[in-house]
Amino acid sequence: MAEKKIPQFWLMKTEPNVFSFEDLVKAPNRTTCWEGVRNYQARNFMRDTFKNGDQVLIYHSNVAEPAVFGIALVVREGYPDLHALDPKSEYFDEAAKTKGISPWVMVDVKATHRFKNPVYREQLKKEPEVKTMMVLQRGARLSVQPVSNEHFDLIVKLGIPFKV
DNA sequence: GCCAACGTTGGC
DNA sequence: GCCAACGTTGGC
């Protein structure tokens with residue numbers, strides 16, 4: 001039986017002083033592995049639910065004006081994040097090293113569109129249709145989040161995407 | 001810089 | 001299995 005392709009949408013947070021949307025655009029083939037996620041719920045999304053072709057909003061967090069800056073495409077589905085086994089990595093995980101196997105997962109994403117107008121958190125909170133989205137809720141720390149089709153569409157409309 | 005919210009750890 | 005203590009996230 002043919003598998004029906006249901007488009008899925010996500011939001012991933014990044015601290016731009018560590019890795020920004022523009023860093024992704026400048027990366028070889030505009031692609032990078034999304035390493036260092038160390039939260040089980042976020043990992044499970046990447047391991048179990050992310051599919052090639054899913055679209056991801058790239059959100060800058062922990063800055064004065066948090067915002068969505070563009071869109072990326074999932075180009076490789078979940079695979080082991082071996083940074084966890086590397087003592088030199090800032091994402092080293094002592095327990096994983098002891099077991100000799102990384103329980104953590106990453107995906108590869110490729111920048112596809114830059115927003116002409118970054119969609120700021122302040123702006124989103126004023127939009128009745130999107131103010132319910134997860135990233136806007138108080139204390140929502142999950143760094144990989146599902147986004148509904150409707151929320152994705154509205155954010156894209158506000159952002160005015162151009163191919164990178 | 002502050003601090004609320006959250007996830008994880010570890011004693012019991 | 002409970003829950004207090006702790007460390008981190010991330011908006012403000």
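Proteins get letters first, then strands, A, B, ... in listed order; numbering begins at 1 in each.
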_Distance check, rounded to the nearest 0.5 Å: A/Ile58 atom CD1 versus A/Lys13 atom NZ?_
13.0 Å

*Taking atom CG of A/Asn39 and atom CE of A/Met46, what is their separation to the nearest 0.5 Å?*
9.0 Å

*asked:* Within the structure provided, determine whether A/Leu124 and A/Ile155 are in side-chain contact (heavy-atom separation under 4.5 Å).
replied: yes

*Applying ring-ring contact (aromatic ring centres under 6.0 Å, His included), which residue pairs with at least one partner in residues 47-76 of chain A are found, sequence neighbours left out?*
A/Trp10-A/Phe50, A/His60-A/Phe69

*Is a side-chain donor or acceptor of A/Arg121 paired with a backbone partner of A/Val135 at a separation under 3.5 angstrom?*
yes

*Give a yes or no on whether the ring-centroid distance for A/Trp104 and A/Tyr79 is below 6.0 angstrom.*
no

*asked:* For a 4.5 angstrom cut-off between non-hydrogen side-chain atoms, does A/Val37 reach A/Met106?
replied: no

Pairwise N/O distances under 3.5 Å, protein to nucleotides 8-12 of chain C:
residue	atom	partner	partner atom	Å
C/dT8	O2	A/Arg141	NH1	3.0
C/dT8	O2	A/Arg141	NH2	3.4
C/dG10	OP1	A/Lys13	NZ	2.8
C/dG10	OP1	A/Arg141	O	2.8
C/dG11	OP1	A/Tyr59	OH	3.0
C/dG11	OP2	A/Asn62	N	2.9
C/dC12	OP1	A/Lys125	NZ	2.7
C/dC12	OP2	A/Arg121	NE	3.3
C/dC12	OP2	A/Lys125	NZ	3.3

Every protein N/O within reach of nucleotides 2-4 of chain B N/O, cut-off under 3.5 Å:
residue	atom	partner	partner atom	Å
B/dA4	O3'	A/Arg138	NH2	3.1

